[in-house]
Amino acid sequence: MASLIECPHCGARPKEEFTVRGNVERQRPAPDADPDTWFDYVYLRDNPMGRISEHWHHTAGCRRWLIVERDNTDHTVFNVTDAMEAKSKS
Amino acid sequence: MRYSALSIFKNALGGNKDWQPVWREPEPKKKYDVIIAGGGGHGLATAYYLAHEFGVRNIGVIEKSYIGNGNIGRNTTIIRSNYLLEGNTPFYELSLKLWEGLEQDFNFNAMVSQRGVVNLVHTDGQRDAARRRGNAMRMHGVDAEYLDLKTIRDMLPFFDYSNARFPIMGGLIQRRGGTVRHDAVAWGFARGADSYGVDIIQNCEMTGVRREGSKITGVETSKGFIECDKLALSAAGHSSVVAEMAGIKLPIESHVLQAFVSEGLKPFIDTVVTYGAGHFYISQSDKGGLVFGGDIDGYNSYARRGNLATVEHVMEAGVAMIPALSRVKVLRSWGGIMDMSMDGSPIIDKAPLDNLYINAGWCYGGFKATPASGWCYAHLIAKDEPHPVAKFMRLDRFRRGYLIDERGAGAQPNLH
Ligand SMILES: Cc1cc2nc3c(=O)[nH]c(=O)nc-3n(C[C@H](O)[C@H](O)[C@H](O)COP(=O)(O)OP(=O)(O)OC[C@H]3O[C@@H](n4cnc5c(N)ncnc54)[C@H](O)[C@@H]3O)c2cc1C
Ligand SMILES: [Zn+2]
């Protein structure tokens, strides 16, 4: 992991300021979803190798949720965007 | 060739020209009864015990790199069986018993050193938890002893005993715990397995599986297709990647853990110590280097290299516990990729296919488990039923709600 994350709001900040939530694709199911869906969400992971997109929270900064796109085999960070803004665009 | 004092003497007389390679380097056969994917400590131990205890000899161990390049050669070599929960204690105690006889059994010097493992406590709550764990261990026939402050002070005189916020109050010791030379464990099991005719195939990466319905017929590898009757995964750190080839999604995330070694010093710490007030643990190798580490870096990773922030954190915790460390030079640091499971405990089980077996999820504690993991996995593969001490380490325990969560952290792998 690169030591600095380029927050779109705060600029380059040390990665210890952030909290990782996990892969963007892993979304919380509806409260009344069936047990299999919940089991899958809570316990199973794709755990992909290579280029991934994750939710990172800038806990010790602007406290915005960000999408960090990075390669988990060589620490390259490609892109950091605001999760809300990404959502409103799509 | 059997190693002994006599063999050293004889070879010395012959100018040391007659030593044989420790294992062969065969090309893969067309077919094996069992293919073990991953030649780390667990894969090699499994091959050894399959051959040595369960009479299965036609085995191929395929390793994508060289023997010893995975976590078996990257860990901080600590062995212990100081667990609280029923699903763990008997398993790790079997492992410790196997360590105690291992060198005689596989005729290789693994430098098993039962120098004791101390967990320091700094609060009343930690003391109570340590005593409870100690009692649980003793009820399983495992040795455990609570040490008061004076005893700890005499044992470990260089520690900081004047920390007002996190005073050292005492500690739990398992005297039979200790360290083992990790490379020698890989080499010893490899040599032992090879002596029964097991093929250890290095630089052979599993890249896919061939399946007919729910039966696996063989594996695709960088050295071509190899047929097998049974496929046993043992690819610590990359378990999700190999399981995915068979269409199985695991309750695992991959994370990096770092470790460090200092310049060689005179005898300084003659046991293994874990700090209860920070992420730090330490021992001293026979060469004199201090071997130490802390927690995982905290983000998913397949890069065997960690982050500077964690390096700094580990050093700070170390100096808080042992102020004299601030003068010590660090020689090397490295990282290893581990399977972090959803409850911090491992999986030794049959997969929901006819002939696929899974050994995974060892987190940062799988080195001490190497012999028992190999034994229990071999038992499962040979007999198709779990070994009694591994019967809780099932893949479906997450769905059934039978977690083995020593830390009580829940399905948050970077907290285990
Ligand atoms: C820094 C660090 C410190 C640790 N300290 C301790 C400790 O003090 N005590 C303790 O008990 N545990 C410790 N551990 C944990 C322990 O090292 C691991 O849990 C254990 O070694 C994992 O089992 P293994 O030996 O089989 O793994 P590995 O040696 O990693 O074996 C897995 C093998 O699978 C191979 N592989 C992967 N994918 C493929 C493929 N597609 N095809 C073929 N082969 C493949 C890899 O190359 C590797 O050789 C530590 C781990 C680390 C990283
Ligand atoms: Zn920010």
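Quick note on labels: first sequence line is chain A, next is B, and so on, each numbered from 1.
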### Message
Which residue is it: A/Asn72, A/Asn47, A/Thr73? I am looking for the one with a side chain to side chain donor-acceptor pair (under 3.5 Å) to B/Tyr302.
### Response
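Exactly one candidate clears the test, A/Asn47.
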
### Query
Going through the checks in order, is the side-chain contact (heavy atoms from CB on, under 4.5 Å) test met by B/Asn307 and A/Lys15?
CA-CA 9 Å; B/Asn307 201 273; A/Lys15 73 153 255 309; 3.6 Å; yes

### Query
Among B/Ala411, B/Ser341, B/Pro413, which residue forms the greatest number of heavy-atom pairs with chain A at distances under 4.5 Å?
B/Ala411

### Query
Is the number of heavy atoms from other residues, nucleotides or ligands under 6.0 Å of B/Arg165 CZ greater than 12?
no

### Message
Take a 6.0 Å sphere around OH of A/Tyr41 and say whether it holds more than 12 heavy atoms from other residues, nucleotides or ligands.
### Response
yes

### Query
Run the side-chain contact (heavy atoms from CB on, under 4.5 Å) check on A/Asp46 and B/Glu244 step by step: do they pass?
CA-CA 8 Å; A/Asp46 290 328; B/Glu244 212 237 319; over 6 Å; no

### Query
Is there a side-chain contact between B/Asn300 and A/Glu54, using heavy atoms and a 4.5 Å cut-off?
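In contact.
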
### Neighbourhood of chain A inside residues 233-243 of chain B, taking heavy atoms under 4.5 Å as contact
B/His238, B/Ser240, B/Val241

### Task
Measure A/Tyr43 against the heavy atoms of chain B and call it side chain, backbone, both or neither at under 4.5 Å.
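Contact with chain B: backbone and side chain both.
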
### Query
In Å and rounded to the nearest 0.5 Å, what is the CE to CZ distance from B/Met340 to A/Arg45?
12.0 Å

## Note on the structure
d(B/Tyr299 OH, A/Trp56 CH2) to nearest 0.5 Å is 7.5 Å

### Message
Between B/Ile248 and chain A, with a heavy-atom cut-off of 4.5 Å, which part of the residue counts as in contact: side chain, backbone, both or neither?
### Response
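Neither part.
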
### Query
Is it the backbone or the side chain of B/Ile252 that comes under 4.5 Å from a heavy atom of chain A, or both, or neither?
both

### Query
Where along residues 23-37 of chain A does a heavy atom come under 4.5 Å of chain B, listed by residue number?
A/Asp36

### Cationic N near anionic O, under 4.0 Å, B/Lys249 to A/Asp40
yes

